[in-house]
Every structure is written in C-alpha cells, then in structure tokens.
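Just passing along the structure, written as structure tokens.
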Amino acid sequence: MIKQKIILLMPSMKIGGGNRALLSLANKFSKSGHSCSIYFIDINERSFPIPKNVFTKSIRIYNPNLLNRLLAMLRLSILLNREDKGNILIVSDPILCIFKFIFRHLKVIRFVQGDDKRLFDENVKANYIVKKIYRLLFKISQLYRYENIFFNSKFSRRVYCQNFKFLNEEKFEVIHPPLFDHQLKVQNREPSYSFVSVTSNQSRKGLDLLIEIAKSDFFSDYSFTAISQDDLILPKNIKLIKPKNDQEYFSILNKHSFFISTSTFEGFGLPPLEAMSLGLVVLAYKNEGILTYCNDQNTFFYNLNSLENLRKSVDLLVTNNDKYNLYSKKSIDTSKDFLESKYQDNFYNSIIGKGTN
C-alpha cells in the first residue's frame, strides 16, 4: 500500500456532528499508516481534542465575525499551497470549497453534509447582499473539478445536484455519518415527563420552537433540558447544559425519556440518532435529512401547529410502557446500522481503493 498524505480542511474544531465525522476520518487514516494533517480556524470556544499523531496548522482569530472568518479561511487556503501536488484534501465546509481555485494542485474531495446552498437562508445576521453573493459563489464552486464528491445523505445529494443537469446524482456515493460508541448499557426505561434537545443559536436548529413548546400550557408539567455549547437565552423551565466531553453528553441524554428535534432542516442530523442508540423515543419535526433513519415506526412526527396533539401522543407513551418500549426498541435497532467502523471503512476504501493511490 502506497502511503498517502491526507489533509482535512475545517472551519473550526467546535464540538458538533460535522466536525466529529471529519475527525473520525483523521483517526482512521492516521491509524492506517498514512500521514494526516488538519488545517483549521482556532476560535476561543469549546473544541474537540486534537487526534494523536495528526499534524495541525491553525489560524487564530479573537473576534469571530463573518469578515474575520472569511479572511482566516483565505489565509488557510493560501497556506495549503505549501502542500505537495497530489496530496489528498478532504473539505466539507461550503465556504472553504469556494477557495478551491487557490489549492487546485491538491486532489480535493468534497464531503457535503447538508443543504449547503441554504447556508445563510435563515441566518438573521446575513443580509440580502451576503446571501446573493454566497449563492453565486456556491454555484461557481460546484463547477470546480473535484477528485470526488461524497454526501452524508440522499437528501444532501439531491439538493446539491438539482440545479445542474450534468450532475448525475447516482454517480455520487452516499456515506452516512457515524454513531459513536457511548459505551453505556441500554436498559428498558420507565418513561417520564422529561424532554431533552440538542440546539444552538443557528436559526435552523429551531431554538424558538423549543422555547415555544416549553412555555406552552400543554407542557407546563414537563421538564426540559437543552444541550448546547452556545450561550442561549432560555426561559426558567429549560435547563442549559454544556457537556465537557462525549461521556457527559451521552450521560445527559440517558437521563431523559424523550428527545425532541426542532430543526427545520438537516443534511443528516446526528443528535436524534444518538438519542435513539440509548433507547430514547424521538419526537421530531419532519425535515428531509433525518428521514434517512427516522420513520413512523421509531419516531413520532409532530405538526408545528398542533402542540395539543403532540401532548396527547406523549401522554399515550408515558402511560403505556409497552408502547413506549416498542418505540424504544425500534430506535435502538435503527441505530445499529450506523457504526463508526462502517463509516470509516466506506470512506477509506472509496479514497484509497479507487485509484487515488
């Protein structure tokens, strides 16, 4: 086997599913004997630890506004010019992909993990001009030549390809993100009136909806926990927890009966699947990304305009252990299809086993 130089280009090391998926690849390539580097923007926030035996190069910024982020991304892209021609670069962030013309001497693999075209659509800080410019540059980035393009779901693949007739969806491989081993023993649960959610200040994550549900008279007797690394402004009946590590994160999930997903759209969406692996029953707004693994047998889909029906559905599960445990078991069974080893092998074999060496 010819050893390859693998580079991952990331907008940050902030804790989140997309970054976690890329760091898993760094571990896989490094342990398989390949040289691995990570280029990223260093922001003062809670971040993932750097994998062992992985070289890193970062640009530090202290005021992470949009302009400073863009300048840091440009500087990172220029730094990549020092890398040898033919090295493999994996990049997921759609803005970083715009700078591909700077590091075109590398074999660039684009890993699409969401509806990248709509990146700024629900961002109140992005004005009309910013959105228009981004959409134009995003379309231009789709015209670049990539060594390969992978997608985290059929939904991400479809929305990426839909505006270009020459992009044949079926020729691009879908590699689902991994569910990471929490090493917690899963047992039958006694359902309780407790909701947990993973959210952030990003508009599409549905924080406003979570607050609306928590403040509703229909759920005044429920407890709510929000897991986030952001400084969220929440009503008194929502407890905010910022886990220090994966073990604490899964332990928090494990203390609850229901995971409520309020995201309006996701490319895939790991948190509901992580909750499923512990046997929590998922209540979700039906966005296309999570339909990769959510269905009517393992998930209760709710209507945004009918919190009363949501309350009735939850009451039915709380008062009927057999029905709750049926959904719980189906959740656990679903999660078993998304092992980290499977994800790593699929990605590794698609790159190393298909002529890039």
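We're numbering straight along the sequence, starting at 1. When reading the values below, keep in mind they use all heavy atoms of this one structure, side chains included, and skip hydrogens, waters and symmetry mates.
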Plane angle bin for H34 and F29 - parallel if under 30°, tilted between 30 and 60°, otherwise perpendicular: perpendicular

Distance-only donor-acceptor check, side chains S257 and S192, under 3.5 Å: yes

Distance-only side-chain donor-acceptor flag, H256 / T225, under 3.5 Å: yes

N/O donor-acceptor pairs under 3.5 Å from side chains in residues 232-243, not counting sequence neighbours:
unit_1	atom_1	unit_2	atom_2	d
N237	ND2	A214	O	2.7
K242	NZ	D231	OD1	2.2

More than 12 heavy atoms from other groups under 6.0 Å of CZ on R60: yes

Neighbour count >12 (heavy atoms, 6.0 Å) for atom OH, Y62: no

Y144 side chain near F101 side chain, heavy-atom distance below 4.5 Å: yes

Sole residue of F151, F111, Y293, F155 in ring-ring contact (aromatic ring centres under 6.0 Å, His included) with F268: Y293

Side-chain touch S92/L22, heavy atoms, less than 4.5 angstrom: yes

V112 with V91, same ILVMFWY side-chain cluster at under 4.5 Å: yes

From I88 atom CD1 to E83 atom CD, the distance as rounded to the nearest 0.5 Å: 12.0 Å

Cluster overlap L71 with I78, hydrophobic side-chain contacts below 4.5 Å: no

Donor + acceptor pair across side chains of S24, Q344 (<3.5 Å): yes

Under 3.5 Å: donor-acceptor pair, side chain of R157, backbone of F172: yes

Close side-chain approach of E274 to F259, heavy-atom, < 4.5 Å: no

Closest heavy-atom pair and its distance - P11, L96: N-CD1, 3.7 Å

Any donor-acceptor pair under 3.5 Å from N325 side chain to S328 backbone: no

Gap separating the CG atom of N346 from the CD1 atom of I175, nearest 0.5 angstrom: 5.5 Å

Interatomic spacing from OG in S58 to CG in L79 - rounded to 0.5 Å: 9.5 Å

Polar contact flag, side-chain donor to acceptor under 3.5 angstrom, T199-S197: no

Check: S331 side chain, Y327 main-chain N or O, donor-acceptor pair, under 3.5 Å: yes

Side chain proximity check, K139 to Q142, heavy atoms < 4.5 angstrom: yes

K286 side chain reached by L291 side chain, heavy atoms, under 4.5 Å: yes

Side chain to side chain contact (heavy atoms under 4.5 Å, CB included) partner of F258, chosen from L283, V282, V196, L280: L283

Over 12 foreign heavy atoms within 6.0 Å of CG, L143: yes

Heavy-atom check, side chain of L339 versus side chain of L179, under 4.5 Å: no

Short side-chain to backbone donor-acceptor contact, S30 and V54, under 3.5 Å: no

Ionic contact status for D221 with R311, cut-off 4.0 Å: yes

Side-chain donor-acceptor contact under 3.5 Å, S306 with N303: no

Spatial distance of atom CZ (F40) from atom CG (L76) [nearest 0.5 Å]: 9.0 Å

Trace of the side-chain contact (heavy atoms from CB on, under 4.5 Å) decision for N309 with F300: CA-CA 11 Å; N309 287 339; F300 265 90; over 6 Å; no

Cation-pi, Y348 ring and K28 (6.0 angstrom, 45 degrees): yes

Transitive ILVMFWY side-chain link M73 to I140, under 4.5 Å: yes

Pair E169 + R158, salt bridge at N-O below 4.0 Å: no

Joint cluster assignment, V130 & L70, ILVMFWY side-chain distance < 4.5 Å: yes

K5 atom NZ: more than 12 heavy-atom contacts under 6.0 Å: yes

Sidechain-backbone polar pair: N295 side chain, N298 backbone, donor-acceptor under 3.5 Å: yes

Any side-chain heavy-atom pair of M276 and V281 under 4.5 Å: no

Expected output: side-chain D42 to main-chain I61 donor-acceptor under 3.5 Å: no

Heavy-atom pair with the smallest gap, counting every atom of E340 and P178: CA-CB, 3.4 Å

For F218 against E308, the heavy-atom pair lying closest together: CZ-CB, 3.5 Å

With F150 via ring-ring contact (aromatic ring centres under 6.0 Å, His included) - residues at least two apart: F347

Exercise: identify the closest heavy-atom pair between F103 and F99: CE2-O, 3.4 Å

Cluster check L66, L137: I/L/V/M/F/W/Y, side chain < 4.5 angstrom: yes

Rounded distance (nearest 0.5 Å) linking atom NZ of K171 with atom SG of C161: 9.0 Å

Within 45° cone of Y39 ring axis and under 6.0 Å: K57 NZ or CZ: no

Polar side-chain atom of Y324 near backbone of V314 as donor-acceptor pair, under 3.5 Å: no

Closest non-hydrogen atom pair, K3 against G33: CD-O, 3.2 Å

Validation row: K14, D230 side chains within 4.5 angstrom (heavy atoms): yes

Considering all heavy atoms, the nearest I6-I90 contact: CG2-CD1, 4.0 Å

N/O donor-acceptor pair under 3.5 Å between N68 side chain and N65 backbone: no

Expected output: side-chain S156 to main-chain N152 donor-acceptor under 3.5 Å: no

Atom CG of D217 with >12 non-hydrogen neighbours under 6.0 angstrom: no

Gap separating the CD1 atom of I38 from the CZ atom of F55, nearest 0.5 angstrom: 11.0 Å

Any donor-acceptor pair under 3.5 Å from S77 side chain to K100 backbone: no

Parallel, tilted or perpendicular: ring planes of Y222 versus F219, cut at 30 and 60 degrees: perpendicular

Pair D93 + R69: basic N to acidic O under 4.0 Å: no

